[in-house]
Structures are given as C-alpha cells and as structure tokens.
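Protein chains get the first letters and strands the later ones, always in sequence-line order, with residue 1 at the start of each. All figures in this text were calculated on a predicted structure; none of them were measured in a lab. Side chains included, hydrogens not; waters and symmetry mates left out as well; all remaining heavy atoms used.
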Amino acid sequence: MDQIPVYNPAEIEPKWQARWEADGLYNADIDPNKKKYYVLTMLPYTSGDLHIGHWYPMAPTDARARFMRMQGYNVMYPIGFDAFGLPGENAAIKNNIHPKVWTYKNIEQMRRQFRTMGTMFDWRREAITADPKYYRWTQWFFIQFFNNGLAYRKYSPVDWCPSCNTTLAREQVWGEDRHCERCHTPVIKKDLEQWFFRTTKYAEELLNYDSIDWPERVRTLQTNWIGRSEGAMVIFKTEHGENFEIFTTRSDTLWGASFMVLAPEHPLVEKITTPEHRAEVEAYRLTASRQSDIQREAADKEKTGVFTGAYAINPVNGARIPIWIADYVLMTYGTGAIMAVPGHDERDFAFALKYGLPVIPVIARLDGVTKSVVLSGTVKDGFADQLKGSGIQFIESEGHLLVTMKQSQVDDFIHLAKSNLKNDAWIELVGATWKFIFTDAIIDFDSVKNDQVIMERCRKINPVVAGCRTVMEMLSGNTFYKDVLFHADYGDMIHSDEFSGTPGKTARYDVAKWLEKQGWGKVAVNYKLRDWLISRQRYWGAPIPIIYCPKCGTVPVPDEDLPVLLPDDVEWKPTGESPLKLHPTWRYTTCPKCKGKAERETDTMDTFMCSSWYHLRYLSPDYEKGPFDPKEYDYWMPVDSYTGGIEHATMHLIYTRFFHKALRDIGVVEGHEPMLQLRNQGMVLGEDSEKMSKSRGNVIAPDKLVSAYGADTMRAYLMFFSRWDQGGPWSSTGIDGTSRWLKRSWVMVVEPPLKRRSDPAAAKSLRRKLHQTLISITRDFETFEFNTIISALMELSNEMIKHKPAVWETDAWHEAVETYLKILAPVAPHISEELWCFLGKPYSIHQQSWPMIDMEAAKADEIVLVIQVNGKLRDRITLPAGVSDEDAHKAALESEQVIRHLEGRTPRQVIVVTGKLVNIVI
RNA sequence: GCCGGAGUGGCGGAAUUGGCAGACGCGCACGACUCAAAAUCGUGUUCCCUCGGGAAUGUGGGUUCGAUUCCCACCUUCGGCACCA
C-alpha cells in the first residue's frame, strides 16, 4: 500500500498555484455559448502594506466566483491597482524615493502576496491606474466630459499649509484647530481656480436604485448625501431694485420673513453694503474666510452676523426687512441667501433674539395652546375667581397668574381680561393666539409693523421692558412662555393675508404655485450634492489634459497627443506650487489650434477619477483604439457582482455611477448602471478589537499566517469567523479551529478507518446529510452568508467521519467524498485539488460542475415531532415522515409526558403544525 | 439633533414563513493516548434547581395556541450626516 500522505499546505499550495497559472485555468475569455458573470472587488491601493483586511473582501468573493464558475457561468474575476495618489507621494517624500519607484515596488510585493491567496484572478487583465496606457484614457474621459459641458473651471477654496507651502487634502488636515498633518501649522483657505465635474446634473437620476441590487444601507447613505429637498425659489428685491433669489422649503412661512441673510461670500454683499457698515462687513467676511468649514459648521456654535445697512422688500406683503450676512448661511447650498423666518426656524430664531430682529408667528400651533401671564396688580380683584368660574386653568406664582388655555377658551379669556384690566397695564396672549390687550385696543401680533406698535406702547407702560427691542425679546424674558414662542411644525397658516387659514398639509405647495403665477418665484428642488472637484495641486496623478492659449483660451489636448505624460524628472517635494508648474520645460507647449505659445494645466486629477472606470479597463487593458474593446464590453458588462467596503458609499460609489451615466449620455457606454449587485464586507479588526494600524501594533500580516496555516485555512477562517457584512476582531485561537477542520478533512479522505463497523442505516443517513448540506451551501453562496457555508461543511465532515467505519469504500462513501471535495473547492481550492488528485480524479477539480442536488435523498424519512402543552416543550416523538395531522394529534395525546401534564384535564384546543409540532392548549 | 444598523452563553456566531433557542467553532473542564508535555481523539459545557421542573434572546408592554422573529415605547451601542434654509 502507498504511503499515507501528510497535509502540508506549504508544499501543495504553491505547487497548484503554479500549475493553474501555467495552464491558464482561470483565464476568462468571451464565450458566446456561456452565460457570463463579471465579479469585481474594489481595486486595492498600492500601499505596499498588505494586511489581512486586504484579503477580507477578496477571499470570500473569490470563493463565490468559483462557486458561480462551477454553476456553469463564464466568470471573470480581474484585479488591478489604484496606483496614483497622495499616500504614495507622501511616502516617497518621507523616504526620498520617487513615487513611481515606490509604487511599482509595492505592486510587485502585493502581486506576490495576492498570488499566495490562491484566487482565480485573471492576471492578464490586470490594470494599473498610474500606467500611461491606463491614464491616457482617464485623460480621454476628461476631454469627453469637457467637450460635453460636464467639466468646468471655477475658483474654489482649498486647504493650504503656509509652512509646507502646499495644498492639503481633507484627510491631511487634523484636529479641531485644523492643523497640517506634517508640520502642525494651522491651515488656511486659499482660493484657486479648479476643475469640476457636473455631478449635480445627475442628482435626480442618482437617487433611483430601481435597476440595481444594492444594500439598503448604501442607498440610504447616498440618498442622504445627495440630500434632495423640495421647496421654492423666491425672488426678493433690495429696496434699490437688485433682484436676488433665495431657496426655501417653507414657502408657507413667507409672511413671517422678517430679515434676510446672505452668506458672507455672496456676491451681492459687495454691492449693497452701505458705507457706514462697510468696515464691519469687511471685517466679518475676512474672519469667516479664515474659519474652517468645521468651525463654521459646528451646530452648537453661537450664531454671529452683521447688518449690511441694506433692506429688501418682502414680495408678498411689501415689508421692508434688513439684509444681514451671517456664516450660518452657506454659499454652497441653495443660492447662498435665505429669507429668515425666526418664528418657525430654530436657527433664525436664535439669530433674531441675539440681534433684536423681529419674530413674527405665521404658522398655527398644532397643540392649540395659548398662554398668558397676568401680572399682579394689572387686573381687578376677583379676576382669578372669574377665571376659575370659566374653567380656565392657571397657577399662581408670587401673585402673578400663569394661565394656560385651550383654543376654545381664548374668547372667554379675552372678554374677562378686557373687563378687568386696570389702566397702565396690558395682558398678552402667547402661543396659538397672539394678541396684546390694552385698555383701549386689542392689537394682533401679526406683522413687523405691529411688533413696533406693540413695543412702543409697552415701553411707555412698563419701564422694565424699555430695553427690549422686539416683542419676542420681551416675551423670551419670561420662562413660562419658553415652550410656546417658537415651533417648526406644519400648522395652518396665520397672519398671512388671504392665505391665512390654508391647511398646513398643502400650504407649502399652494404658496409655491401661487408665487409661480405671480412671477415671484417657482417650485424648485435643491440638492446637498455638490459638483465634484477633481483638481489636485499634486504631482502623483494623471495630468489634466488642458492647454491654456492666450488666443484660443482653454483648449483640450487632441486625442492623438494623449497621454499627456507625467514627467519623471520633477521636483515632487512640496514647494508651494503644483510640482508640474516648476518643471523647467513641461509646462510650456504650443496651442493645438493656433500653434502659438501656450501653457499646460499643471494640476493633476483626483484618483477617484481613475477608479471610476477601472472596471472598464479590465475588459481590455492593452486596447489602444479606445478605453475598452467594445466586443469585450458587449459580452462582459455590466458588472454582475461588486464587493468592497462601506466607506466608499458616498465617494467612489457615487462617482462611478455618475461616470457611467455621463458616459452613457455621451454615447460611450450603454445601460444605466455600471454594477448590478453590490455587497459590503465589514472590517477585520485587530485582536484588541481596535482598527488595525501600525502604530497600535495590532496588524495581522498574511505572510506569516500563510506559512503557519496555509492559504486554505485563512480563506476558510475569513469566511467563518464572523458575519461577512459585519467583520470583527481577528482571533489567533479561532483560526486553530478552522485549521483543525481542514486537517481532519485531509485525514478523513486519505486514511482508512482503524476499525470497520456495520451500520445498515449509515449510507442512507450519510446521503441525506450530504444533500441537505448541498442545499444549504448553494443557498448561502447566493446570499453571501459565508460563515454558515463553513459550519455546514464542518457539520458534513463530522457526519462523514462518524459514518466512515460503516461505509468505507462503498458507493455512498465515494459519492460523499467526491461531493464534499467539490463543495469544499471554492473555499479551499488547494487542499481540494490535492485530494481530488489523490483520489485519482482527472485534473482539475476547478473544472467540475457543482454537484446536482438529490431532493429525494435530502428528505428525512423520520421526523421528530415536538409536543408542547400550553406552548411549553413536554416531549419529542419520532414518527415516520409524512405523518398525517390526525396521527400526529393522536400520538401527541398518547404521550406519557402529555398525559402527566394534562392531569386529567381535556384540551381546549390542539394545534398541529404538519410534520413539526403539536401544541396542546388546556 | 436627524437618518440607518445592531443588542442571543465566557467569546465569534446559528436559528427558511411566527413553531425544539444556543447549530458550527473558540475557550474551559474532565477523560483516553504519553514517563511527561504538545498534538490528536472522546465526553461535557446558558443559568437556577428541592432533579418534578423553572427562568432566559437589551428593558417594559402588546398581538398570538406559540415571539430571537411581528407591533408600540424605552435603554445601550455602532455607523453616517450634521447651521442644508
């Protein structure tokens, strides 16, 4: 007899990897007779610092790709490298190596490491984004966008480190005080002319996910990011006739607009600021420009602003209202200008109180509560008793009456108040009703004008309030009113001329439509999504293929001159300018149109641009007539299954969808979406449950583990140790369990049983388990539930080991072993190939079909009937499968346990769940 | 503050449609093998218990014969957004 081989992954894994590659086993070529399946995993960045996290999206995805292959699909699973970008440039600066050298050295290392995983990557399709034959087409796409009006240039602020003399990306700015990552100098904003893509043009379409199977979580993140809100554009005029537009979602509050606020950067500020306010306005604008977005956008920050001296006219009521500037209004959202309705917007309310601007309520309270504080000495004696008599609730506090009334009691209260009010006093109603009762008049608090009228009277009557600038300021001094001064609910309109009484449900739309008719505005939709800034003042990226000609203007580089090569001999260390600007010759060129002297754009492109179309380059990485070979496109696209981290939900995954839709409209690609299915893996954490990082020293490096356990064990453990979409901490003891299981599987196949045993039922029971496992694993591969795939395989092997002495060398055993190896093959490709070979089966197991499920064999011929009394488990009875409900019922009532628990009582009800359970209710 | 996940043994996790809670694995305990250890194999392992049972899937309530699963409220926790007019 042959020697029994020992499981040695270090020997068999490289052996099979070499063989598969030599045979081109996983080469994916167009085959019109087969259904294609394009599997894609997010391309790795060339950090050179490969840890287990890089395996996590790839290994289980690979197992699934192999499963699809065995299901008969023509599967393509390509890989490449995201090779441009800041980390590379920084690492190179730090170690004084050219970014190109650093990057390509890392790629070498990563290729080697990825090969040890035993993935079915088709390496012929590898694409590297920093390769000129790749970025030639990145540049070509830029020009397509430019020619189709989707790329434009405008001034935009960037973060700038005055010490390093360079622009910084958002992730390079650290801490609350926003200092430079390298030298800790606080960063400033600098306005630079930069290139943008019109992502906003596709905002609406990007919200539609009908044709794609993407996780709800990603769709929600993107939807929130795009931030659609419906409202109206309203045209306001300054009192000198300049028009300006504002966006509002609450056109129903238009009558309550008591001031306007412009973003400090708003272009109109320059024009309208009056000479006496100019100094203050300029100072404020300067402070705002120095502040970071984070400082400006901190919601808990106290609101600040300054008056411009100018006034606007509210189109609906002609009110003359002051125009302020404040940094809580953002130039980047809407029109950078708002109407402030402090009665119904929390921010405006805080601002109005601080600066003494009038607050006018124009929307009814939903709870209908009105409050009034009746000060001691303002009414005749007996007023309190009369209130009691009318059933109006109040509490007494230091002689004052704190009244809270319902809508229906307001008229009674007014009547009583008026008849009891002493001279030189007033009583106010606050909340659902806003009225000031004076001895000679009742004045509605319903307009900016009446705000002043009321205040003038009050100041005269009570010197205590003489310092109050507005009614609301006066009322806010009383804590009893605190909860009724402001609300943001959709109540019915009040104090709004002919619109008063319009129900809250439809008010916004009614007003917006009316504005449209008047020519004062229009129904509008606004998005938080902004256009994509793609300029980077950096070296290690694809140059933007634009030439600036003094005569012809902005000229795209002609196709035949692409790629605009990134020069190697450049000072890539930070100097304060785009490195390409400092190159002695690169920058200077001739205009493609007039052949006169011209200059190149010296900024490079955001790397998200490179990663927006890499799935297209994989189709034909060497193709020269276009970004991809249309033949390949027609066969393989769209991507059928895409896997990667959730952290890309709002960046890469929006950009790549935008890219595809834009290219569709330009006529380069077809279909509405690039990736049909998306699944996100979680993150593998260090053993300390913290994010893996060099500084923490908790990084799990794959190389050591591969030599200790083998790639198969690691692949299986990555699938097993947690829910894949969730991730979790790595466990160095946990992996032992997976390793033991593969060793047991090996021994199970290669070693004969020590003792033989007779068990006539074993074969049938084994087949049953085998086909049940097949059912569950087939299902779990489809649903990305990798952990239960491994546990099902473990269960099956446990069962096989148990039955082995009884079925050794029978047909049932051979079927079980062959099937077991086939379903193990996607998970652990090396050990299954080796054992397949050991059994004398023809190479390769990876060209086998997924085993057929025998539903008959999977059926149990006995069932365990669960017997409950009052929902509590009392007995289990084994019965033949397919037992009738009547027989199950009968058997349950005959159970000794049941009889004991019935204690002679008759069941009220018996519930039978066919083949599963009987519940006896007494 | 708003939006969205998630809470199950000592740990990771499992549980088709509402039907045996804790599969599978780790860890632990005991046993076998060994001079011994490692490795391997076997047995046990939610908690309480008067050995009849009882309690238990974040908490409290509800629907149901029956709830980890459905509904309501709350708590904890993770992620995203955060002055978005």
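- Distance CD (Gln868(A)) to C1' (C65(B)): 9 Å, rounded to an integer number of Å.
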Trp730(A)/Tyr717(A) under ring-ring contact (aromatic ring centres under 6.0 Å, His included): CA gap, chis, key distance, verdict: CA-CA 10 Å; Trp730(A) 179 265; Tyr717(A) 184 63; 5.0 Å; yes
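- The residue Asn798(A) sits close only to the backbone: its heavy atoms come under 4.0 Å of sugar-phosphate atoms, none of a base.
- Base orientation for G12(B): anti, the chi torsion being more than 90° from 0.
- No side-chain donor-acceptor contact under 3.5 Å links Thr199(A) and Tyr527(A).
- At most 12 non-hydrogen atoms from other residues, nucleotides or ligands lie less than 6.0 angstrom from NZ of Lys859(A).
- The partner of G66(B), taking Watson-Crick or G-U wobble pairs whose two distances both stay under 3.5 Å, does not exist in any strand shown.
- Comparing C72(B) with G5(B), their P atoms are spaced 13 Å from each other, to the whole Å.
- A distance of about 15 Å separates the P atoms of C33(B) and G42(B), rounded to the whole Å.
- Proximity of a side-chain donor or acceptor of Arg744(A) to a complementary backbone N or O of Met794(A) within less than 3.5 Å is not detected.
- More than 90° away from 0 lies the glycosidic angle of G22(B), which makes this nucleotide anti.
- Contact between the side-chain N/O atoms of Gln726(A) and the OP1/OP2 oxygens of A14(B) is not found at any separation under 4.0 Å.
- Heavy atoms of Glu647(A) sit nowhere under 4.0 angstrom from any nucleic acid atom.
- Of the charged side-chain nitrogens involved, at least one lies within less than 4.0 Å of a carboxylate oxygen, so that Arg696(A) and Glu690(A) count as a salt-bridged pair.
- Using a 4.0 Å cut-off, some side-chain N or O of Ser722(A) falls inside it from OP1 or OP2 of G13(B).
- Per the geometry, CG belonging to Asp725(A) stands 10 Å off P belonging to G13(B), to the nearest Å.
- Residues Ile338(A) and Glu216(A) each lie close to RNA chain B; by heavy-atom proximity, the contact nearer the 5' end of the strand is made by Glu216(A).
- Under the Watson-Crick or G-U wobble criterion, with both distances below 3.5 Å, A29(B) is paired with U43(B).
- Not one side-chain nitrogen or oxygen of Arg219(A) sits closer than 4.0 Å to the OP1 or OP2 atom of G4(B).
- Separation of the P atoms belonging to U68(B) and A55(B) is 13 Å when rounded to the nearest angstrom.
- For the pair Ile790(A) CD1 and G13(B) P, the computed distance is 16 Å after rounding to whole Å.
- Side chain of Lys528(A) to main chain of Arg228(A): no donor-acceptor pair is present (N/O by atom type, distance under 3.5 Å, no hydrogens or angles).
- Taking atom CD of Glu799(A) as the reference point, atom C1' of C24(B) lies 13 Å away to the nearest angstrom.
- Across all strands shown, Arg900(A) has heavy atoms under 4.0 Å from sugar-phosphate atoms exclusively, and none from any base.
- Residue Thr788(A) is in sugar-phosphate contact alone, with no base atom involved, counting any heavy-atom pair closer than 4.0 Å across all strands shown.
- Residue Lys528(A) is in base contact, counting any heavy-atom pair closer than 4.0 Å across all strands shown.
- RNA chain B is contacted by both Arg250(A) and Leu221(A); Leu221(A) maps to the nucleotide lying nearer its 5′ end (nearest heavy atom per residue).
- Look at G52(B): it lacks any Watson-Crick or wobble partner with both distances under 3.5 angstrom.
- As the counterpart of C81(B), G1(B) is assigned, both hydrogen-bonding distances of the Watson-Crick or G-U wobble pattern falling under 3.5 Å.
- Closest to the side chain of Gln897(A), from the set C65(B), G53(B), G13(B), is G53(B).
- Side-chain N/O atoms of Arg744(A) and base N/O atoms of U40(B) include no donor-acceptor pair closer than 3.5 Å.
- Residue Lys743(A) is out of contact with every strand shown, counting any heavy-atom pair closer than 4.0 Å.
- Pair assignment for A14(B) gives none, since no Watson-Crick or G-U wobble pairing has each distance under 3.5 Å.
- Nucleotide A23(B) forms a pair with no other nucleotide shown, judged by Watson-Crick or G-U wobble geometry with both contacts under 3.5 Å.
- Atom-to-atom, CD of Gln222(A) to P of G5(B) comes out at 16 Å; the value is rounded to the nearest Å.
- Looking at heavy-atom distances under 4.0 Å, Ser229(A) makes contact with sugar-phosphate atoms alone, never a base.
- For the pair Arg874(A) and G66(B), the criterion of a side-chain N or O lying under 4.0 Å from OP1 or OP2 is not met.
- In this structure, Val921(A) reaches the sugar-phosphate backbone alone: every heavy-atom distance under 4.0 Å involves primed, P, OP1 or OP2 atoms, never a base.
- Counting only heavy atoms from C-beta on, Asn224(A) has its side chain closest to C3(B) among A85(B), G79(B), C3(B).
- With respect to Lys354(A) and Glu302(A), a salt bridge is recorded, a charged nitrogen being found less than 4.0 Å from a carboxylate O.
- Within a 6.0 Å sphere centred on CE of Met748(A), heavy atoms belonging to other residues, nucleotides or ligands number more than 12.
- Distance NZ (Lys802(A)) to P (U43(B)): 10 Å, rounded to an integer number of Å.
- One finds no salt bridge joining Lys303(A) and Asp327(A) here, because no Lys/Arg side-chain nitrogen approaches an Asp/Glu carboxylate oxygen to under 4.0 Å.
- Of all nucleotides listed (G25(B), G13(B), A21(B)), G25(B) comes nearest to the side chain of Met794(A).
- Among the nucleotides C20(B), G53(B), C24(B), the one closest to any side-chain atom of His901(A) is G53(B).
- In this structure, Gln681(A) atom CD and G79(B) atom C1' are separated by 15 Å, rounded to whole Å.
- When both pairing distances are held under 3.5 Å, G7(B) makes a Watson-Crick or G-U pair with C75(B).
- In the interface, the side chain of Lys303(A) is paired with the base of C83(B) through a donor and an acceptor atom under 3.5 Å apart.
- Set against G25(B), C20(B), C26(B), the side chain of Arg740(A) has C26(B) as its closest nucleotide.
- Note: CG (Leu742(A)) to P (A39(B)) measures 18 Å, nearest angstrom.
- Residue-level contact check: Asn919(A) touches the bases, meaning some heavy atom is under 4.0 Å from a base atom.
- Heavy atoms of Tyr527(A) sit nowhere under 4.0 angstrom from any nucleic acid atom.
- Under the Watson-Crick and G-U wobble criteria, each requiring two contacts below 3.5 Å, nucleotide U57(B) is left unpaired.
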